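The block underneath contains the structure these notes are about, expressed in structure tokens.
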Amino acid sequence: MAKWTAFPYDNAAYTYGLTALKKLWARLHAGDAEPWPKDEAVQEAWALYHAGEFQKARDAGLKAGGAGITVANKAQAIYATYLEKHEKTRLALFMEVAERAEAQQAAEPDNPAGWYWQAYALGRYGQGISVAKALAQGLGVKVKTALETTLQLQPKHADAHIALGTFHAEVIDKVGSLLARTQGASKDVGLKMFKEGLKLNPHSAIARVEYANGLVMLEGDKKMKEAEKLYAEAAACEPMDAMERLDVEMAKAELEE
């Protein structure tokens, strides 16, 4: 097993004991509405995840099994998104997450995490190979269905709202609004999803970044000022864990471009 790239920032502020983690849980999980786990081994895996120890969190989650699969999938997907440098490895990591999440759906069809992490991993994989190719392979339908199922099971899943907004925006951007209808993509639904996601998780930097990107894809340059305002807000967000720090740094990089 190759060693993963380490989290590149000081993680002292994000290293929580289980008591502190439980107190901060609702804030840290405003995006995915994940319930506090009963199993202490799973709690420990989440503590590793929030501290940016993504490989250790993945391994601990897989070892714990059950609810630990969700930690493993999130740790691996976030690592692949932000820190994996080799494209071939990134894509393989996403596909592994998608397969595990699909198995989780079969075992626990009412667990929104199985549906969301399949959608997230396939969505990122699709971005990696090109959205047009992904749509031709039928991945668009899979992503949309999985995100809609996530929201049926957990309407407060802010990240699923944002991801669904991104789906609508990217499909319209890549194939045009007429062809996008065949994929079930709509500008109005996309914008509504972004707004709802941000309302559910107002602390989120990534929600603002994705909304900004989506606005430009859906509305063009006329929304550039609004998008830049969202990037600035994202860059000013106070990160509470490693992933949020990565999101804030990404927003700062967008602003500098």
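Here the structure is a predicted model, which is why all the values come from computation and not from measurement.
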Which value, rounded to the nearest 0.5 Å, describes the distance between [X] atom [atom1] and [Y] atom [atom2]?
X    : Y    : atom1 : atom2 : result
D241 : L21  : CG    : CG    : 9.5 Å
L83  : L246 : CG    : CG    : 5.5 Å
Q127 : E170 : CD    : CD    : 4.5 Å

> Is the W25 ring parallel, tilted or perpendicular to the W46 ring (thresholds 30°, 60°)?
Replying inline: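 Ring orientation of W25 relative to W46: perpendicular.
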
Side chains of [X] and [Y]: does their closest heavy-atom pair fall under 4.5 Å?
X    : Y    : answer
W4   : L93  : yes
M193 : F167 : no
Y82  : E249 : no
T166 : N213 : no
E53  : N11  : yes
Y16  : K23  : no
L191 : E219 : yes

Check ion pair [X]-[Y] (N to O, under 4.0 angstrom):
X    : Y    : result
R90  : E87  : yes
E96  : R100 : yes
E148 : K144 : yes
R208 : E254 : no

>> Run the side-chain contact (heavy atoms from CB on, under 4.5 Å) test on L62 and I69 for me, step by step, so that the C-alpha distance in whole Å, both residues' side-chain angles and the decisive distance to 0.1 Å come before the verdict.
In response: CA-CA 6 Å; L62 291 178; I69 301 301; 4.1 Å; yes

> Would R124 count as a cation-pi partner of F94, with NZ or CZ less than 6.0 Å from the six-membered ring centre and within 45° of the ring normal?
Replying inline: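 R124 over F94 ring: no.
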
> Considering the options Y116, W117, W115, which one meets the ring pair (Phe, Tyr, Trp, His ring centres under 6.0 Å) requirement together with H157?
Replying inline: Y116

>> Applying side-chain contact (heavy atoms from CB on, under 4.5 Å) to V143 and L164, what does each step give before you reach the verdict?
In response: CA-CA 8 Å; V143 168; L164 201 46; over 6 Å; no

Indicate the atoms forming the closest heavy-atom contact of [X] with [Y], along with that distance.
X   : Y    : answer
A64 : V42  : CB-CG2, 3.9 Å
A30 : A158 : O-CB, 3.8 Å
D32 : D159 : N-OD2, 3.7 Å
A77 : T81  : O-OG1, 2.8 Å

> salt bridge (Lys or Arg N to Asp or Glu O under 4.0 Å) between E233 and K229: does it pass, once the steps are laid out?
Replying inline: CA-CA 6 Å; E233 285 175 10; K229 182 175 175 281; 2.9 Å; yes

> Should T149 and Q105 be marked as a side-chain contact (heavy atoms from CB on, under 4.5 Å) after you check the CA-CA gap, both sets of side-chain angles, and the distance that decides it?
Replying inline: CA-CA 11 Å; T149 306; Q105 291 167 15; over 6 Å; no

> Under the side-chain contact (heavy atoms from CB on, under 4.5 Å) criterion, do Y120 and I78 qualify, and how do the steps go?
Replying inline: CA-CA 10 Å; Y120 181 98; I78 295 305; 3.8 Å; yes

> Is L122 reachable from L91 through a run of I, L, V, M, F, W or Y residues, each pair having side-chain heavy atoms under 4.5 Å apart?
Replying inline: yes

> Do Y14 and W36 belong to the same hydrophobic cluster, where Ile, Leu, Val, Met, Phe, Trp and Tyr are linked whenever their side-chain heavy atoms lie under 4.5 Å apart, directly or via other members?
Replying inline: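 As far as the 4.5 Å side-chain criterion goes, W36 and Y14 are connected within one cluster.
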
